[in-house]
Every structure is written in C-alpha cells, then in structure tokens.
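Both ligands and their constituent atoms are indexed starting at 1 by order of listing. Counting from 1, the numbers follow the sequence of the chain as shown. Scope of the values below: all heavy atoms of this structure, side chains included, with no hydrogens, waters or symmetry mates.
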Amino acid sequence: MPKAQETILEIDLKALKHNFEFIKSKLKSTTKCLAVVKAFAYGSDAVEIAKYLETLQVDYFAVAYVDEGVALRNAGITSPILVLHPQVLNFDKIIEHCLEPSLYSHRILDAFIETANKHNQNDYPVHIKFNTGLNRLGFTGQDVKTVISKLNSVTSIKVKSLFSHLAASEDKNETNFTTQQIASFKTIADNIISALGYKPMLHQCNTSGIINYPEAHLDMVRSGIGLYGFGNDPEVNQHLKPIARLKTIISQIHTLKPGESLGYNRAFKATETTKTATLPIGHADGISRHLGNGKGFVIINNKRASILGNVCMDMIMVDVTSIDCEEGDEVIIFDANNTAEVLAEKVNSISYELLTAVSQRVKRTLNR
Ligand SMILES: *Cc1c(COP(=O)(O)O)cnc(C)c1O
C-alpha cells in the first residue's frame with residue numbers, strides 16, 4: 001500500500017499539456033485558444049496552470065472576477081486576460097493591471113468608458129458580451145444600435161472582441177437551440193462590424209462547443225473544463241486526462257461493535273462489526289455533506305470505501321471492513337481513474353462543482 005502524509009491535490013502538468021494539445025487539434029491553425037482559469041483554474045492552481053500554458057503558447061486567459069486577474073498579473077502572467085464578470089467597483093484595478101473587461105450591459109459599458117476617460121486611455125481593449133439565449137449576462141440584439149453609438153462616440157476604448165456563450169453546447173437534444181444561438185450571434189456580430197468599421201475577434205465556444213460545433217469556432221474558443229480533463233461526454237472523456245488527483249491519508253482506524261454509532265448525530269449505527277477509517281478531509285476541504293451517509297466513496301487499496309455517517313468539517317469516516325489497510329495508508333478521493341465526475345454524479349452534481357470545491361487549505365503540488 002502506498003503511504004501518504006496529508007491531504008494533497010496533485011496537479012499533473014503532462015496531462016494538462018495533453019488536454020491542451022487535444023483541444024488545439026480540434027481547431028484551425030488560425031483559431032486562437034483562450035484558457036479559462038477562473039476559480040483557481042477550476043480548483044487547481046491558476047498561477048501554475050497559467051504559467052505552464054504560457055510556455056505552450058496559449059493565446060489568452062479568462063477569469064471571472066477582477067481580483068483573479070490581478071493575482072495572475074502579480075505572479076508575472078503577461079498574456080491578455082479577459083475578465084468575464086467584472087464589477088464597477090474594480091474598474092480602476094482593471095486598467096492598473098492591464099486586464100480586459102467583458103462589458104455586458106449599458107450600466108457596465110458607461111461606467112467603464114468613464115473610468116477609461118478618467119485614466120486618459122486611448123483604445124483600451126474591451127470585449128462586448130451578447131446574450132443569445134443563456135439569459136445570464138450580455139447585451140441583446142436590440143441593444144446593438146445604442147451600443148454602437150456609444151462605441152463610436154469615444155476614443156478611450158476599442159473593441160477587441162465580440163462574444164457570446166452557449167447555453168447547452170454539450171446537449172445533443174438541444175442542437176436546434178444552439179444552432180439558433182450561433183445564428184443570432186452571427187447576425188449581431190455582422191451588424192456591429194459593419195457599423196464599427198473594424199473587425200474585432202469573435203468567439204462563443206466553450207469546451208463542448210469546441211467539440212460539437214466546429215463550424216462555430218470563429219476567431220477564438222474558450223476552453224475550461226477540457227483543459228482540466230473532462231469533456232461532458234464519455235467519448236470525449238476518453239481523449240482527455242483529468243489533471244487533478246485529490247488524495248489523503250488514513251489517520252486512524254476504529255472497530256465498531258454492533259449497536260455502536262459513528263460521528264455527529266450518531267448518523268451511522270453499526271449492525272455488524274464494522275472497521276472504519278478516519279480521514280483528514282471534510283466539508284471545509286470540499287467534500288460536500290451530500291456525499292455523507294453512504295452516497296460518496298473514496299478509494300483505498302483500489303477498493304471503494306463508502307463514507308459513513310455525516311461529513312464533518314475536517315474529517316470523514318469511511319467503511320474499510322473488507323479492505324486490507326492500516327493507518328498511514330494513502331486514500332484517493334479522485335484521480336484520473338476514479339474521476340471527480342463519477343463521484344459528483346453520486347450527488348447529482350458535475351465535475352466542475354467538485355473540482356472547484358477543493359478549498360484553498362488543501363495543499364497543491366505539481367507533477368511536471
Ligand atoms: C466558464 C466559462 C467558459 C468555460 O466553459 P467550459 O465548459 O469549462 O469549457 C467559457 N466561457 C464563459 C463565458 C464561461 O463563463
């Protein structure tokens with residue numbers, strides 16, 4: 001049995017390179033590739049992931065919030081960084097750190113123009129976001145006229161890209177809807193381009209869009225989950241390698257006699273002699289309480305051990321009655337074989353949620 005020392009999230013940069021190359025192999029050589037590194041690069045390590053992707057000549061990064069972009073700049077990342085969901089409060093920081101905002105409403109556009117003017121900017125790069133059906137963020141087709149008149153009346157900003165986001169690119173039952181989104185975006189983009197007199201980049205595909213809608217790649221694509229090793233589809237998953245391995249250690253082993261209980265609220269009660277292992281990872285580390293009481297499992301000695309009773313803040317207890325193991329042995333929560341997706345599905349969740357839930361107190365290590 002491999003031994004362990006503490007809870008660690010190992011990040012496999014070779015797997016990242018493999019995934020990046022797989023995504024690139026789906027693109028024309030003229031299509032740029034933006035890596036989405038929001039939420040600590042999907043719970044891994046945004047700085048290390050971004051540094052490594054820069055060595056692989058990635059074209060662009062995206063983060064959700066301004067402070068995520070500032071952290072990348074402070075770590076020496078020099079590639080362009082699109083901030084998908086900035087707030088007005090942070091607009092000065094955007095300019096101070098050469099970040100590029102997504103402007104998604106008149107409120108945001110007006111406020112950013114004001115900030116760019118205040119900082120005496122000329123042609124500051126911005127990205128205009130259009131809502132084509134996700135109904136989350138973005139101007140609509142009806143806003144095109146007013147957006148254009150604002151853009152054409154200032155010199156402080158310049159549109160680097162127009163973009164949209166697909167609502168159901170992974171869902172084969174929604175191809176009509178997605179095709180409609182793609183068509184609306186094209187109409188909007190054509191109108192804007194003819195009125196602007198120059199051609200910004202166009203982009204709308206996330207990972208599943210890249211795979212399922214090659215005709216919609218346009219000038220750039222935005223990949224997040226694919227880089228981290230998941231493709232929202234069993235066939236695509238075969239070509240990708242999950243980059244994150246979350247592992248921990250058996251801190252202690254107990255033997256419960258029939259009638260004895262385990263953990264808070266006595267949620268598990270032994271009906272037969274039960275051997276349990278206590279692990280130093282809990283809901284504060286990203287193990288959802290929903291995974292408790294037999295729903296979730298970990299891997300010890302290549303065998304599944306169910307989580308018994310309630311998930312505690314800093315610990316879980318698992319059933320090792322039929323597993324040959326001892327204190328100090330390594331425990332896998334998820335890795336490339338026992339994937340985050342499989343564990344997430346146990347509680348109606350998705351790989352994205354489980355990966356991004358791994359909290360910052362879990363140490364990250366890199367395998368190069
Ligand atoms: C998060 C995000 C992405 C990445 O999506 P994946 O499914 O992880 O590839 C792309 N675009 C936008 C606007 C996003 O918010």
Within ligand 1, which atoms have a heavy atom of [X] less than 4.0 Å away?
{"X": "Arg136", "result": "15 (O)"}
{"X": "Leu84", "result": "13 (C), 14 (C), 15 (O)"}
{"X": "Tyr42", "result": "1 (C), 4 (C), 5 (O), 6 (P), 8 (O)"}
{"X": "Ile225", "result": "6 (P), 7 (O), 8 (O), 9 (O)"}

**OP:** Measure from the ring center of His119 to the ring center of Tyr124 and say whether it is less than 6.0 Å.
**Re:** no
**OP:** Establish, yes or no, whether a centroid distance under 6.0 Å links the rings of Phe130 and His165.
**Re:** no
How far is [atom] from its nearest protein heavy atom, and which residue and atom is that?
{"atom": "atom 11 (N) of ligand 1", "result": "Arg222 NE, 2.9 Å"}
{"atom": "atom 9 (O) of ligand 1", "result": "Thr207 OG1, 2.5 Å"}
{"atom": "atom 7 (O) of ligand 1", "result": "Tyr352 OH, 2.7 Å"}
{"atom": "atom 5 (O) of ligand 1", "result": "Asn206 CB, 3.4 Å"}

Original post:
Should Val36 and Tyr228 be counted in the same cluster of Ile, Leu, Val, Met, Phe, Trp and Tyr side chains packed under 4.5 Å apart?
Top reply: yes
Original post:
Between His165, Lys38, Gln204, which one has a non-hydrogen atom sitting closest to atom 15 (O) of ligand 1?
Top reply: Lys38
Original post:
Are Lys275 and Asp319 ion-paired here, with the side-chain N under 4.0 Å from a carboxylate O?
Top reply: no
Original post:
Under a 4.0 Å N-O cut-off, is there an ion pair linking Glu260 with Lys269?
Top reply: no
Original post:
Looking only at distance, does Asn232 have an N or O less than 3.5 Å from an N or O of ligand 1?
Top reply: no
Original post:
Is the shortest N/O to N/O distance between Ser223 and ligand 1 below 3.5 Å?
Top reply: no
**OP:** Determine the interplanar angle of the His85 and Tyr104 rings, folded into 0 to 90°, and report it as parallel if under 30°, tilted if 30 to 60°, perpendicular if over 60°.
**Re:** perpendicular
**OP:** Check each of Ser208, Ser169, Ser351 against Asn232 using the side-chain hydrogen bond (donor to acceptor under 3.5 Å, both in side chains) test, and report the only one that passes.
**Re:** Ser208
Subject >> Lys NZ or Arg CZ of Lys158 over Tyr198 ring: under 6.0 Å, within 45° >> reply: yes
